[in-house]
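Worksheet: one structure, shown below.
Chain identifiers are assigned alphabetically (A, B, ...) following the order of the sequence lines, protein sequences preceding nucleic acid strands; residue numbering begins at 1 within each chain. Just so it is clear, the values below take in all heavy atoms, side chains as well, and ignore hydrogens, waters and symmetry mates.
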Amino acid sequence: MPNLTILRTYALKSSPTELPSSVLFQHTERSLTIFDAYPKAMFHFLVLPRVTPPFTVAELSNLKALFKSGRERAKSLIEMLGQDARQIQKMVEEEMVKRYGSKWDVWLGFHAVPSMEHLHLHVISSDLVSQALKNKKHYNSFHPKLGFFLHLNDVLSWFESDQSYYDMKTQLKKEEYEPLLKQDLVCWECDRPMKNIPTLKGHLKEKWEERMKKEKSRFDKKRKRAIDPEEAAGIEQPSSEPSNKRADTGDTL
DNA sequence: GTTCTAGAAC
DNA sequence: GTTCTAGAAC
């Protein structure tokens with residue numbers, strides 16, 4: 001039987017270091033970061049709030065419950081998670097450069113309707129290349145433009161809006177979000193429709209490899225410029241900016 | 001959240 | 001015949 005409350009048991013630990021190193025990535029006084037057990041991308045972590053006053057475990061059950069516990073408290077807790085998640089993001093980016101020579105986007109966000117108990121903020125790399133990504137629900141739940149994946153910055157912006165907009169956004173009605181998971185498969189990057197999951201997965205892998213290739217050639221050019229500026233810039237060596245600079249800025253004057 | 005598998009889709 | 005999806009799991 002699957003354990004849908006495992007995250008809660010982690011978050012309740014008074015000594016997170018007891019957790020196996022295959023589970024725990026790092027912790028602070030206020031949060032735990034764990035490796036997602038079934039990563040849906042090359043890098044995928046979950047940042048969980050630890051259960052500390054004034055919050056009860058029930059209030060930290062999910063986003064909806066947290067919003068109900070009070071606007072200001074919800075705001076500070078999500079800001080805290082965001083701070084810790086951005087640290088994780090930095091580490092992921094460093095690891096990307098170390099392993100692959102360049103970095104790519106990392107998304108921070110919540111699922112509008114989570115499957116597992118206890119609030120968790122996803123830190124996931126934008127490749128979505130992973131063996132554990134197996135079906136439409138998996139993919140659509142991380143599609144960055146579909147609406148099911150709630151970007152951290154969007155959630156934070158709700159706290160800056162008026163009460164009626166805040167009330168509307170924080171309802172997180174299942175009936176509104178769950179149908180999104182059944183939408184047709186579309187590449188999040190180029191918007192092309194995808195026939196099925198295997199096709200999509202092949203496409204995502206190609207897209208990532210393409211991006212890596214581009215980054216690599218950019219890096220190589222940069223390195224070449226540093227070594228031999230004249231040759232790298234071509235025969236003519238302009239002494240200042242290219243003459244078409246104004247057109248590029250979009251300025252009309 | 002996953003695994004398993006019947007039957008639809010190709 | 002094989003691949004793929006989607007719903008049940010006692």
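- A:Gln131 has its CD atom 11 Å from the P atom of B:dT3, to the nearest Å.
- Within 4.0 Å (heavy atoms only), A:Pro114 reaches no atom of the nucleic acid at all.
- Contact annotation: A:Lys195 side-chain N/O to C:dT3 OP1/OP2 distance is not under 4.0 Å.
- Aromatic pair A:Trp208/A:Tyr100: centroids less than 6.0 angstrom apart.
- Contact annotation: A:Lys182 side-chain N/O to C:dG7 OP1/OP2 distance is under 4.0 Å.
- The nearest whole Å value for the distance from the CG atom in A:Asn196 to the C1' atom in C:dA6 is 14 Å.
- The six-membered or imidazole ring of A:His143 lies away from that of A:Phe149, with a centre-to-centre distance of 6.0 Å or more.
- Each of A:Val47 and A:Tyr38 belongs to its own hydrophobic cluster when Ile, Leu, Val, Met, Phe, Trp and Tyr are linked at side-chain heavy-atom distances under 4.5 angstrom.
- Listed pair A:Lys137 / B:dG1 meets the phosphate criterion, a side-chain N or O lying under 4.0 Å from OP1 or OP2.
- Contact annotation for A:Ile197: backbone-only contact, meaning every heavy-atom pair under 4.0 Å involves sugar-phosphate atoms and none involves a base.
- Rounded to an integer number of Å, the gap from A:Tyr38 OH to B:dT3 C1' is 9 Å.
- Contact annotation for A:His118: no contact, since no heavy-atom pair falls under 4.0 Å across all strands.
- Between A:Phe35 and A:Phe45, the angle of the ring planes lies from 30° to 60°, which puts this pair in the tilted group.
- Whole-Å rounding puts the A:Lys136 NZ to B:dG1 C1' distance at 19 Å.
- At B:dG1, none of the side-chain N or O atoms of A:His138 fall inside 4.0 Å of OP1 or OP2 (strictly under the cut-off).
- Following rounding to the nearest Å, A:Leu4 (CG) and B:dT3 (P) show an atom-to-atom distance of 13 Å.
- Across the protein-nucleic acid pair, A:Asn140 atom CG and C:dT5 atom C1' stand 14 Å apart, rounded to whole Å.
- Nucleotide B:dT3 forms a pair with C:dA8, judged by Watson-Crick or G-U wobble geometry with both contacts under 3.5 Å.
- For the salt bridge (charged side-chain N to carboxylate O under 4.0 Å, His left out) criterion with A:Glu209, the lone passing option out of A:Lys207, A:Lys205, A:Lys213 is A:Lys205.
- Remark: A:Lys134 is not in phosphate contact with C:dA6, judged by side-chain N or O atoms under 4.0 Å from OP1 or OP2.
- Rounded to an integer number of Å, the gap from NE2 of A:His122 to C1' of B:dG1 is 10 Å.
- Atom CG of A:Leu185 and atom C1' of C:dA6 are 13 Å apart (whole Å).
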